Structures are given as structure tokens and as C-alpha cells.
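Notes follow once the structure below has been shown.
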Amino acid sequence: MAVEGGMKCVKFLLYVLLLAFCACAVGLIAVGVGAQLVLSQTIIQGATPGSLLPVVIIAVGVFLFLVAFVGCCGACKENYCLMITFAVFLSLIMLVEVAAAIAGYVFRDKVMSEFNNNFRQQMENYPKNNHTASILDRMQADFKCCGAANYTDWEKIPSMSKNRVPDSCCVNVTVGCGINFNEKAIHKEGCVEKVGGWLRKNVLVVAAAALGIAFVEVLGIVFACCLVKSIRSGYEVM
């Protein structure tokens with residue numbers, strides 16, 4: 001039995017929310033993949049809190065997309081079981097997102113500690129490994145920083161000659177500009193603090209996006225429950 005009256009409006013709004021869920025799912029997958037690419041270059045490999053968080057974000061994005069598909073099928077066919085499944089799974093996704101947000105906040109210092117330790121380890125390998133050198137050079141150039149805490153960290157690398165920093169530390173990068181450098185010609189701030197500052201600056205944007213997604217999910221659950229109630233009432237009448 002087809003829904004009638006105000007439920008038709010609810011059904012239409014649910015379709016709109018399902019499109020929003022698909023967009024959110026794609027966004028979460030993109031954010032997770034991007035975070036994984038960045039962390040894979042800066043965080044020690046292994047199952048650490050920092051390295052697992054992007055995997056959770058990607059998994060939630062994929063699951064949200066599948067749940068949105070189930071909700072679309074349930075709303076289109078006005079199927080009671082599919083709509084119940086949609087509402088339950090959407091509630092589970094909200095719980096996972098809340099847990100991930102809490103974990104991200106709790107382990108934020110742990111992530112920065114991992115990054116600091118890994119950056120210093122990669123500094124040791126800078127003269128020996130071209131891939132490591134490329135990663136550090138790109139990071140120092142992008143964030144306009146030098147070393148972990150500051151540029152003097154490069155003096156502690158035994159395989160680096162004295163009075164030398166990577167050319168990527170220079171304000172104007174040219175070949176050999178890091179040899180017998182002038183302090184005014186290089187970036188003196190460390191990369192750990194610069195990256196940490198960038199993360200703190202963008203965390204509000206991430207938090208606002210998370211709140212927006214949560215609000216849309218709550219609306220989706222409410223509309224799904226309303227549609228389930230209407231479908232159930234139709235079954236009882238029949």
C-alpha cells in the first residue's frame with residue numbers, strides 16, 4: 001500500500017537526504033584516502049592509533065554509501081524490512097563516527113608524537129635514501145620549515161656535513177643553497193610544530209563538517225522511522 005498525505009513529503013525529503021548521504025560518503029572516502037596517503041609518508045608503519053584512523057574513515061564512507069543504497073531501495077519499494085535495516089545501520093554509523101571523533105581527540109597528542117619520532121628517523125636516512133629525501137624535501141618546502149624542532153636538528157645528523165641543511169630549507173630553493181647557509185636565507189621553524197599548527201587550524205573545519213553530517217544522519221533516521229510507521233500502519237489496515 002502506497003504512503004499517502006504528509007508521508008509523501010517525508011518520502012521525498014528522505015530521497016534528498018539519501019543523495020546527501022551519498023555525497024557525504026564520497027567525501028569521507030576522499031578524506032580517508034587523502035589522510036592515508038599523507039600519514040603513509042609521515043607516520044611509522046603499523047597498527048597505531050594514528051595510522052588506523054584513516055582506515056576507519058574510509059570504512060565508514062563505504063558503509064554509509066551502501067546504507068544509502070539500501071535506504072533508497074527501501075523508500076522506493078516502501079519495504080518495511082529494508083527501511084528498518086536502513087535506520088538501524090544509520091544509527092550504527094553515527095555511533096562509529098562519534099567513537100572515531102573521540103578517538104581522534106584522545107589520540108591527537110599520540111599522533112603528533114608518532115610524527116615527531118618518525119620525522120627524526122627519516123632525517124637520519126636523508127643522505128642515504130632518495131625516497132626519504134624526496135618526502136622530507138617536499139614537506140619542508142610545502143610547510144616552509146626545516147628540521148623537526150628547528151633547523152639545528154640537521155647538525156645532529158652524522159652523515160650530513162657541517163654548516164649544511166637540505167636545499168629545501170632555503171627560502172628561495174636553488175641547488176646548493178643549503179651549503180654554508182646564511183640563517184636569514186633559510187626557514188628556521190621546525191616541521192613538527194608547523195604541521196601541528198596546520199592540523200589545529202583545520203580541525204574546526206573537520207569538526208563543523210562532522211556536525212553537519214551527524215545532523216543529516218539524525219534527520220535521515222527520523223524520516224526513516226516516520227516512513228516505517230506509515231508503512232506498518234498500511235500493513236495493519238490491509
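Positions are given from 1 along the sequence. All values derive from a computational prediction rather than experimental measurement. Computed from heavy atoms alone, side chains included, the values below leave out hydrogens, waters and symmetry copies.
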Task: Atom pair CZ/CG of Phe86 and Leu227 - distance to nearest 0.5 Å - done: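 Rounded to the nearest 0.5 Å, the CZ-CG separation comes to 10.0 Å.
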
- [ ] Spell out, as yes or no, whether a donor-acceptor pair under 3.5 Å connects the side chain of Asn125 to the backbone of Lys128.
- [x] no

Starting from [Y], can I reach [X] by hopping between I/L/V/M/F/W/Y residues whose side chains sit under 4.5 Å apart?
{"X": "Leu13", "Y": "Leu90", "result": "yes"}
{"X": "Met94", "Y": "Phe215", "result": "yes"}
{"X": "Ile29", "Y": "Phe69", "result": "no"}
{"X": "Phe143", "Y": "Val192", "result": "yes"}
{"X": "Tyr151", "Y": "Val173", "result": "no"}

Task: Test of ring centre spacing under 6.0 Å for Phe65 and Phe21 - done: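 Ring centroids of Phe65 and Phe21 are no less than 6.0 Å from each other.
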
TODO: Identify, with sequence neighbours excluded, every residue that meets salt bridge (charged side-chain N to carboxylate O under 4.0 Å, His left out) alongside Lys188.
DONE: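 Result, salt bridge (charged side-chain N to carboxylate O under 4.0 Å, His left out) vs Lys188: none returned.
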
Open item on the list: Parallel, tilted or perpendicular, judged at 30° and 60°: which one describes the rings of Trp154 and Tyr126?
Closed with: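 Geometry flag for Tyr126 against Trp154: perpendicular rings.
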
Open item on the list: Check this for me: does any side-chain nitrogen of one of Glu155 and Arg164 sit under 4.0 Å from a carboxylate oxygen of the other?
Closed with: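 Not counted as a salt bridge, because no side-chain N and carboxylate O are separated by less than 4.0 Å.
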
List the atom of [X], the atom of [Y], and the distance in Å for their closest heavy-atom pair.
{"X": "Ile221", "Y": "Ser91", "value": "CD1-OG, 3.5 Å"}
{"X": "Lys144", "Y": "Lys194", "value": "O-NZ, 3.0 Å"}
{"X": "Asp153", "Y": "Gly147", "value": "OD2-C, 4.0 Å"}
{"X": "Lys11", "Y": "Cys76", "value": "NZ-O, 4.0 Å"}
{"X": "Cys170", "Y": "Gly178", "value": "SG-N, 3.7 Å"}
{"X": "Cys24", "Y": "Leu64", "value": "CB-CD2, 4.1 Å"}

- [ ] Would you please test Val60 and Phe63 for side chain to side chain contact (heavy atoms under 4.5 Å, CB included) and show each step?
- [x] CA-CA 5 Å; Val60 169; Phe63 191 51; 5.7 Å; no

Task: Asn118/Gln122 under side chain to side chain donor-acceptor pair (under 3.5 Å): CA gap, chis, key distance, verdict - done: CA-CA 6 Å; Asn118 183 246; Gln122 290 187 3; 3.0 Å; yes

TODO: Go through the steps for Thr174 and Asp167 under the test side chain to side chain contact (heavy atoms under 4.5 Å, CB included), then give the verdict.
DONE: CA-CA 7 Å; Thr174 56; Asp167 293 342; over 6 Å; no

- [ ] Just do the side chain to side chain contact (heavy atoms under 4.5 Å, CB included) check on His187 and Cys169 with the steps written out, would you?
- [x] CA-CA 6 Å; His187 300 293; Cys169 287; 5.6 Å; no

Open item on the list: For Cys191 and Cys145: C-alpha separation, side-chain torsions, deciding distance, then whether disulfide bond (SG atoms under 2.5 Å apart) applies.
Closed with: CA-CA 5 Å; Cys191 292; Cys145 57; 2.0 Å; yes

